[in-house]
Structure formats: C-alpha cells, structure tokens
Amino acid sequence: MKLIDGKKLAADLRREIAEKTAKLKAARGITPGLAVILVGDNPASVSYVTAKEKACAEAGMLSREIRMPATATEEELLGAIAALNADDAIHGILVQLPLPKGFDEKKVINSIAPEKDVDGFTPVNVGRMLIGEPCFLPCTPHGILKLIEFSGMETAGRHAVVIGRSNIVGKPVAALLSRKEANATVTVCHTGTPDVGAFTRQADIVVVAAGRPGTLTGDMLKPGAVVIDVGVNRIPDATRPKGFRLVGDADFDSCAKVASAITPVPGGVGPMTITMLLWNTLESASRT
Ligand code: NAP
C-alpha cells in the first residue's frame with residue numbers, strides 16, 4: 001500500500017511555483033498579489049488565513065490581509081472587495097468562509113471579479129469549468145486531481161466514486177473527473193444513496209468528502225482502489241496537547257489494508273488546497 005504524500009507533492013509544486021514567480025518578477029516586474037479577507041475571529045479561519053499568508057510569502061508573492069470585525073456591515077465588505085477588484089497590485093482575492101451570521105455569502109462571493117477569483121467559487125468560474133472554458137479550477141478539487149495523478153492511477157476509463165456533493169468539493173471533483181481530460185466514469189453518492197458500499201466496491205478511485213469519520217471502511221473497497229480522503233474531523237483526544245486529533249472520513253486502518261494507495265489526514269489533501277491557491281494566483285498574475 002502506498003501512502004499518497006500530499007506534503008511532499010505540495011512542497012514540490014510550491015518550489016516550482018516559487019521559481020516561476022521569481023521568473024515573472026525578473027522578466028516583467030510583476031509580483032503576484034493575493035488579498036485575503038477575514039471577517040470575525042473564528043479560530044479555524046484565523047489559522048487557515050495565517051497558513052495561506054505564510055505560503056504566499058514563501059512563494060515570493062505579495063500577501064495582503066484585510067481583517068474586519070464580525071460587526072462589519074455587508075456594505076463595508078463589498079466596498080473592500082470592490083477596491084481590491086480595482087487594485088492592479090492584487091491578482092487574487094479570497095474571502096475566508098464561513099462568514100459570520102448575517103452576511104449573504106453568495107452575494108459577497110459574486111462580487112469578486114471573476115478574473116481575480118482564485119478560489120474558483122464564483123458562478124462565472126464554475127460555469128466556465130463546466131463548459132470547458134479557461135477558468136480558475138477550485139483549489140481543493142484541483143489538488144485532488146493532482147493527488148490521483150501522483151498516486152500513479154490513470155483516471156481515463158476508470159470508475160471514480162465521489163462521496164459528497166457539496167459545491168466546494170463533491171460537485172466540482174465529479175465534474176473535473178468526468179471531463180474529457182480525465183475521462184473517468186463518475187458516480188456521485190450522498191445521504192440519499194441507500195447503499196454507498198454497493199457503488200464504492202465497484203470503484204477504482206474513491207474520493208470521500210462527507211465530513212463524517214468512518215464514512216468509508218475497508219469492506220466498502222475493491223482491492224487495489226485509490227482512496228482520496230478529503231475529510232477533516234476533530235476527534236476529542238486527551239493525550240494530545242490541543243485536546244483533539246484530526247481524522248479523515250475514511251477509516252484509515254481498514255482502508256489501507258485493501259487500497260493500493262491512500263491519502264493520510266493530516267498531510268494529504270490539506271497541503272494541496274493552499275498550493276493550488278498559489279498556482280491560481282500565479283496564473284492570474286501571468287495573464288496580466
Ligand atoms: P459538506 O458541505 O458538509 O458536504 C458533505 C457531503 O457529504 C454532502 O453532500 C452530504 O450529503 C454527504 N454525506 C455526508 N455524510 C454522508 C454519508 N454518510 N454517506 C454519503 N454521503 C454523505 O462538506 P464539504 O464542505 O464538502 O467538506 C467535506 C469534508 O471535507 C469536511 O470534513 C471538510 O472539513 C473537508 N474539507 C477539507 C478541505 C481540505 O483542504 N483538506 C477542503 C474542503 C473541505 P447530502 O448532500 O445528502 O447532505
């Protein structure tokens with residue numbers, strides 16, 4: 001069984017991104033700039049934003065953090081986005097989700113200029129992805145495709161089962177895997193699927209993004225399948241300094257006995273998400 005090392009793949013790609021960033025600066029005097037807007041002080045969001053800014057700086061990019069209190073108005077947030085849309089030093093804009101209660105997330109995301117939507121969440125980007133036009137691919141799904149490629153598993157002609165149909169993971173992963181470039185046959189399972197195992201047992205590739213530990217177990221896999229575990233779940237654990245540990249949606253031990261390759265949690269999909277954000281920011285800056 002092969003462990004699909006997301007940290008290593010992410011490190012390799014970040015080195016490549018840093019080299020291309022340096023070349024862009026030298027050749028055209030352009031420094032890719034990413035603006036990250038954080039509203040409120042949700043601890044998980046603060047740590048995600050900090051990690052994104054650190055990665056940005058390490059790649060030689062400009063990172064601009066805009067912090068607003070949870071009491072900020074939607075007009076203030078929309079105003080900040082409008083200013084960034086018009087700012088030539090900024091090539092990517094990211095609004096850290098979830099927003100505090102009272103904000104209309106759809107309206108806020110829709111206000112990001114599609115050419116700076118490096119998260120790939122605006123309806124314009126999602127539409128372009130679906131009809132195969134140039135766009136920013138959403139970061140987690142794009143990272144998942146890279147991890148499948150890294151595992152050595154061909155997607156063309158294979159059966160991929162995606163567990164979960166959220167707008168940020170399940171649906172775009174299913175869409176990307178069924179594009180001509182990947183050419184997989186895709187089944188999407190969700191809570192309305194009576195027997196998820198009946199589908200996963202036929203799958204060469206299983207992507208599990210349910211947000212529930214133990215959603216996928218070894219007895220639900222075909223021998224040799226590749227498993228991409230997107231889930232990030234906190235399990236109380238008194239032996240850990242923070243009082244919890246992170247687990248994925250797959251039961252790692254039983255799945256590892258049957259799968260040919262599996263991503264660990266942490267250290268699988270997580271590091272790839274930020275990497276693909278840097279990738280999109282560089283691409284955006286290169287287009288200017
Ligand atoms: P979400 O919006 O809660 O969606 C979960 C999906 O899984 C839903 O479509 C749900 O079905 C389905 N589902 C839940 N339990 C299921 C079960 N037992 N069997 C079959 N389907 C089931 O979650 P999300 O935003 O996609 O995130 C999924 C997980 O990935 C979370 O743990 C999240 O933290 C993690 N995540 C990680 C990264 C990363 O970078 N590592 C990025 C994004 C998300 P219904 O539609 O029927 O409710």
Side-chain angles (χ1 to χ4, degrees), residues 1-11 14 36 38-58 65 67 69-70 94 96-101 105 139-141 143-144 147 150-151 161-166 168-170 173 189-191 193 196-197 200 206-221 225-277:
M1 198 279 304
K2 174 181 169 182
L3 199 63
I4 308 170
D5 187 347
K7 268 193 201 162
K8 178 174 175 352
L9 178 59
R14 286 186 201 188
V36 181
L38 175 62
V39 185
D41 54 6
N42 174 307
S45 293
V46 172
S47 76
Y48 287 140
V49 164
T50 308
K52 286 168 186 171
E53 286 166 353
K54 185 167 167 268
C56 219
E58 280 170 5
E65 181 183 316
R67 279 210 186 199
L94 180 151
Q96 186 63 46
L97 300 178
L99 287 169
K101 279 204 180 83
E105 277 187 2
C139 302
T140 302
I144 290 168
L147 286 164
F150 187 57
S151 77
V161 169
V162 178
I163 307 176
R165 58 176 163 189
S166 71
I168 61 165
V169 190
V173 166
C189 296
H190 41 73
T191 58
T193 308
V196 172
T200 53
V206 180
V207 178
V208 56
R212 291 185 198 174
T215 302
L216 185 73
T217 48
D219 60 318
M220 295 167 72
L221 289 174
V226 166
V227 175
I228 307 294
D229 188 355
V230 190
V232 179
N233 306 291
R234 287 182 175 194
I235 299 285
D237 184 343
T239 66
R240 301 293 174 98
K242 288 184 178 165
F244 66 84
R245 67 192 153 88
L246 295 181
V247 299
D249 290 343
D251 173 51
F252 186 87
D253 292 340
S254 65
C255 287
K257 286 190 183 114
V258 187
S260 63
I262 183 168
T263 55
V265 177
V269 176
M272 289 301 292
T273 296
I274 297 183
T275 303
M276 301 330 288
L277 176 71

ask   = Is the count of non-hydrogen atoms from other residues, nucleotides or ligands lying under 6.0 Å from Lys2 atom NZ greater than 12?
value = yes
Pro271 backbone acceptor or donor facing Thr275 side chain under 3.5 Å = yes
OG1-CZ distance between Thr193 and Arg165, expressed to the nearest 0.5 angstrom = 7.0 Å
inquiry  = Could you measure the distance from the CG atom of Leu277 to the NZ atom of Lys52? Nearest 0.5 Å is fine.
reply    = 6.5 Å
query = Under a 4.5 Å cut-off applied to non-hydrogen side-chain atoms, are Ile168 and Thr140 in contact?
reply = no
inquiry  = Do Arg67 and Val46 make a side-chain contact, defined as non-hydrogen atoms from C-beta onward lying under 4.5 Å apart?
reply    = yes
key: Derivation and outcome, side-chain contact (heavy atoms from CB on, under 4.5 Å), residues Asp249 and Ile163   = CA-CA 10 Å; Asp249 290 343; Ile163 307 176; over 6 Å; no
Minimal non-hydrogen separation, Thr239 against Asp237, with atom names = OG1-OD1, 2.6 Å
message = If you count heavy atoms of other groups shown closer than 6.0 angstrom to CG of Asp41, is the number above 12?
response = no
note = Tightest non-hydrogen contact, residues Asp229 and Ala250, listed as OD2-N, 3.1 Å
ask   = Yes or no on side-chain contact (heavy atoms from CB on, under 4.5 Å) for Ile274 and Arg14, after CA distance, side-chain angles and deciding distance?
value = CA-CA 10 Å; Ile274 297 183; Arg14 286 186 201 188; 3.6 Å; yes
key: Residue pair Ile4, Val226: steps toward the side-chain contact (heavy atoms from CB on, under 4.5 Å) verdict   = CA-CA 9 Å; Ile4 308 170; Val226 166; 4.0 Å; yes
key: Exercise: identify the closest heavy-atom pair between Cys139 and Thr273   = CB-O, 3.4 Å
Interatomic distance, Asp5 atom CG to Ser151 atom OG [nearest 0.5 angstrom] = 13.0 Å
note = Output for pair (Lys257 NZ, Asp251 CG), nearest 0.5 Å, gives 8.5 Å
Val39 versus Pro69, closest heavy-atom pair with distance = CG1-O, 3.6 Å
key: Atom of Val196, atom of His190 and distance for their closest heavy-atom approach   = CG2-O, 4.4 Å
message = Is it the case that atom CZ in Phe252 sees more than 12 heavy atoms from other parts of the structure closer than 6.0 Å?
response = yes
request  = Show your working on side-chain contact (heavy atoms from CB on, under 4.5 Å) between Val169 and Ile144 and close with a plain yes or no.
outcome  = CA-CA 9 Å; Val169 190; Ile144 290 168; 4.0 Å; yes
ask   = How far apart are the closest heavy atoms of Pro98 and Ser45, and which atoms are they?
value = CD-OG, 4.2 Å
remark   = Separation between CD1 (Ile228) and CE (Met272), nearest 0.5 Å, reads 10.0 Å
query = CG of Asn42 to CD of Gln96: how many Å apart, nearest 0.5 Å?
reply = 8.5 Å
